[in-house]
**Q** 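Okay, here's the structure, questions in a sec.
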Number of protein chains: 2
Amino acid sequence: MTRAQFDREQVIRDATQLFWQQGFSGASMQQVVKATGLKPGSLYLAFGSKEGLYQAALESYTSQLRAAVCRVLDDAPSVGEGVCQLVLQLVEECGSGNYCSCFLIKSQLELAASGSDLLHCISGYLSQMEDLYADYLSREHSPEQARLYAASLMLHVLGLRVYGYLGRSRETTIAAAKAGLPWLPWHKVDVPD
Amino acid sequence: MTRAQFDREQVIRDATQLFWQQGFSGASMQQVVKATGLKPGSLYLAFGSKEGLYQAALESYTSQLRAAVCRVLDDAPSVGEGVCQLVLQLVEECGSGNYCSCFLIKSQLELAASGSDLLHCISGYLSQMEDLYADYLSREHSPEQARLYAASLMLHVLGLRVYGYLGRSRETTIAAAKAGLPWLPWHKVDVPD
DNA sequence: GCTAAATTTGAATGAATGTTCAAGCTATTA
DNA sequence: TAATAGCTTGAACATTCATTCAAATTTAGC
């Protein structure tokens with residue numbers, strides 16, 4: 001008997017980074033082999049196929065994303081302020097050098113026409129993020145209002161994840177987000193106008 | 001001497017549809033050969049490379065998109081109402097059976113990490129769409145207001161192009177868009193609440 | 001220390017990839 | 001009609017692709 005000699009989570013993290021950057025078709029298994037340090041045989045024994053590994057990457061990414069969102073919203077003085085912080089954080093990411101949008105969004109768009117089993121996962125994960133927003137927002141709003149605000153917030157998050165590539169200034173981007181989310185307590189957070 | 005025996009624009013349209021659905025990496029030249037009816041040699045003589053054909057597809061798509069937007073905005077009673085119509089039209093598309101998001105957005109996300117020459121084109125085309133919105137909006141708003149509204153509109157358009165995959169009802173989606181774009185004259189257009 | 005089960009190795013597989021090119025064809029010009 | 005420039009053809013090219021598997025290695029249980 002032998003236990004696996006590699007750190008499964010670390011391998012998934014390495015694969016996630018590669019798939020996130022290059023996409024499913026864009027990343028070859030040879031690149032995965034190089035990125036993870038595992039040989040093809042080990043990869044296929046552990047994950048079954050390229051698609052299996054991609055699915056593990058999606059799961060890992062989503063759980064980390066969810067955790068990061070919860071951390072910010074839990075630590076903020078109010079849900080509204082927390083959401084403001086999330087949006088500002090997003091804008092900040094957009095300006096970073098190697099900006100890479102969102103793994104879920106990129107996966108959704110790339111695989112939409114492929115009819116892959118992964119698709120149900122992906123749109124499910126995206127929906128879960130909206131549900132998460134709605135749950136938090138319902139602490140400060142009626143259920144219907146919370147759902148509406150969550151959908152509008154989702155629209156902005158998705159939009160920002162693409163808008164980030166247009167190279168607009170942080171100020172411009174923040175102003176646009178504020179204009180579309182006027183019900184948030186922007187005056188309570190430290191936002192460069 | 002001989003003239004090309006195929007309709008160049010038709011070939012580009014066929015290729016556009018394929019690339020739009022499958023992506024750059026996802027669509028093989030063999031598929032392009034089948035979709036256009038041209039043999040490899042003719043394709044390479046006419047477009048130089050897969051990337052060259054993709055570029056032609058992007059150009060074609062963008063000019064049609066621009067024309068469609070202008071048509072709606074020019075024909076509407078006011079720019080505000082025209083923008084409402086554009087948004088509603090977008091939501092309608094989201095619900096259609098073979099929804100395929102936006103070719104520019106999909107290209108931007110897929111090729112972002114590739115370092116391809118196409119990238120400058122793509123983000124340029126997307127920026128041009130925002131500029132177009134700003135131009136029209138400046139007929140009814142101050143230049144600064146128009147730029148702000150155009151950016152917010154852009155955020156919504158990009159967001160909706162991804163949100164469409166989540167399978168939300170038309171009503172939910174429209175409500176979210178209305179919430180984020182409260183400065184539009186929604187009361188003047190026929191919108192299912 | 002021996003056996004056996006689990007994991008690792010990495011070369012090999014066949015299919016698919018983007019691209020090329022020499023030969024054949026077509027239509028215009030002289 | 002003959003010559004020729006330009007287009008079409010589609011088999012062939014070298015790579016690269018995802019995946020496999022038999023042999024080597026490692027560890028756990030006895």
Side-chain angles (χ1 to χ4, degrees), chain A residues 1-58 106-107 110-111 113-119 121, chain B residues 1-58 106-107 110-111 113-119 121:
Chain A
M1 286 187 212
T2 313
R3 288 277 181 78
Q5 290 167 24
F6 57 88
D7 178 349
R8 192 171 214 272
E9 295 308 313
Q10 181 58 49
V11 166
I12 293 175
R13 270 192 296 272
D14 292 340
T16 301
Q17 197 170 10
L18 181 68
F19 281 136
W20 185 358
Q21 281 173 11
Q22 309 286 346
F24 182 81
S25 296
S28 72
M29 285 305 282
Q30 294 198 37
Q31 288 178 290
V32 174
V33 164
K34 181 178 278 184
T36 61
L38 292 195
K39 307 293 170 188
S42 299
L43 279 171
Y44 277 82
L45 185 73
F47 301 102
S49 65
K50 189 183 185 183
E51 195 163 314
L53 178 55
Y54 199 88
Q55 165 129 21
L58 282 171
K106 293 181 78 169
S107 301
E110 179 183 359
L111 301 173
S114 75
S116 160
D117 298 336
L118 295 169
L119 270 173
C121 284
Chain B
M1 287 187 206
T2 313
R3 287 276 182 77
Q5 289 167 26
F6 58 87
D7 179 349
R8 192 173 214 271
E9 294 308 312
Q10 182 58 48
V11 166
I12 294 175
R13 271 193 294 272
D14 291 340
T16 301
Q17 197 171 8
L18 181 69
F19 281 136
W20 185 359
Q21 281 173 12
Q22 309 284 347
F24 182 81
S25 295
S28 71
M29 285 305 282
Q30 295 196 37
Q31 288 178 291
V32 174
V33 164
K34 182 179 278 184
T36 61
L38 291 195
K39 308 293 171 185
S42 299
L43 279 170
Y44 277 82
L45 185 72
F47 301 101
S49 66
K50 189 184 186 185
E51 196 163 313
L53 178 55
Y54 198 88
Q55 165 128 23
L58 283 171
K106 293 181 78 169
S107 301
E110 179 183 0
L111 301 173
S114 76
S116 161
D117 297 336
L118 295 170
L119 270 173
C121 284

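Just so it is clear: chains get the letters A, B, ... in the order the sequence lines come, proteins before strands, and each one is counted from 1.
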**Q** How many angstroms lie between OG in B:Ser25 and NZ in B:Lys50, if you round to the nearest 0.5 Å?
**A** 6.0 Å
**Q** Does the side chain of A:Lys39 get closer than 4.0 angstrom to OP1 or OP2 of C:dT8 through an N or O atom?
**A** no
**Q** Rounded to the nearest angstrom, tell me the gap between atom CD in B:Gln5 and atom P in C:dT28.
**A** 10 Å
**Q** How about B:Thr36 and B:Phe6: do any of their side-chain heavy atoms sit closer than 4.5 Å?
**A**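 A side-chain contact under 4.5 Å is absent here.
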**Q** Would you say that A:Arg13 contacts A:Glu9 through its side chain, given a criterion of any heavy-atom pair below 4.5 Å between the two side chains?
**A**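 Sidechains of A:Glu9 and A:Arg13: in contact.
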**Q** Rounded to the nearest Å, what distance is computed from the CZ atom of residue A:Phe6 to the P atom of nucleotide C:dT7?
**A** 9 Å
**Q** According to a strict under-4.0 Å criterion, is A:Ser42 in side-chain N/O contact with OP1 or OP2 of C:dT8?
**A** yes
**Q** Among D:dA11, D:dA18, C:dT8, which nucleotide has an atom closest to any side-chain atom of A:Ser28?
**A** D:dA18
**Q** Where along residues 44-53 of chain A does a heavy atom come under 4.0 Å from DNA chain C, residue by residue in number order?
**A**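 Here the set is A:Leu45.
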**Q** Would you say the side-chain atoms of B:Glu110 pair up with the backbone N or O of B:Phe24, donor to acceptor, closer than 3.5 Å?
**A**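 Such a contact is found between B:Glu110 side chain and B:Phe24 backbone.
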**Q** Select base, sugar-phosphate, or nothing to describe what B:Phe24 touches, counting heavy atoms under 4.0 Å on all strands.
**A** nothing
**Q** What's the closest nucleotide to the B:Met29 side chain, out of D:dT9, C:dG10, C:dG18?
**A**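 It is C:dG18.
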**Q** When you check the side-chain N and O atoms of A:Tyr54 and A:Ser107, is any donor under 3.5 Å from an acceptor?
**A**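 A donor-acceptor contact under 3.5 Å links the two side chains.
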**Q** For B:Leu43 and C:dT17, what is the distance between atoms CG and P respectively, to the nearest whole Å?
**A** 15 Å
**Q** Round to a whole Å and report the spacing from CG of A:Leu38 to C1' of C:dT8.
**A** 10 Å
**Q** I'd like to check B:Phe19 versus B:Leu53 (side-chain heavy atoms, cut-off strictly below 4.5 Å). Are they in contact?
**A**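 They are in contact (side-chain heavy atoms under 4.5 Å apart), so the answer is yes.
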**Q** Between residues 7-21 of chain B and DNA chain C, which residues have a heavy-atom gap below 4.0 Å?
**A** none
**Q** Could you give the distance from CD (A:Glu51) to CG (A:Asp117), rounded to the nearest 0.5 Å?
**A** 6.0 Å
**Q** Within a radius of less than 6.0 Å around CD of B:Gln17, do more than 12 heavy atoms belonging to other residues, nucleotides or ligands occur?
**A** no
**Q** Rounded at 0.5 Å granularity, tell me how far CG in A:Asp14 sits from CD in A:Gln31.
**A** 13.5 Å
**Q** Of B:Thr2 and B:Gly41, whose nearest nucleotide on DNA chain D comes first from the 5' end?
**A**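 Of the two residues, B:Thr2 wins.
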**Q** Ignoring backbone atoms, test whether A:Gln30 places a side-chain nitrogen or oxygen under 4.0 Å from the OP1 or OP2 oxygen of D:dC17.
**A**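 Indeed, a polar side-chain atom of A:Gln30 lies that close.
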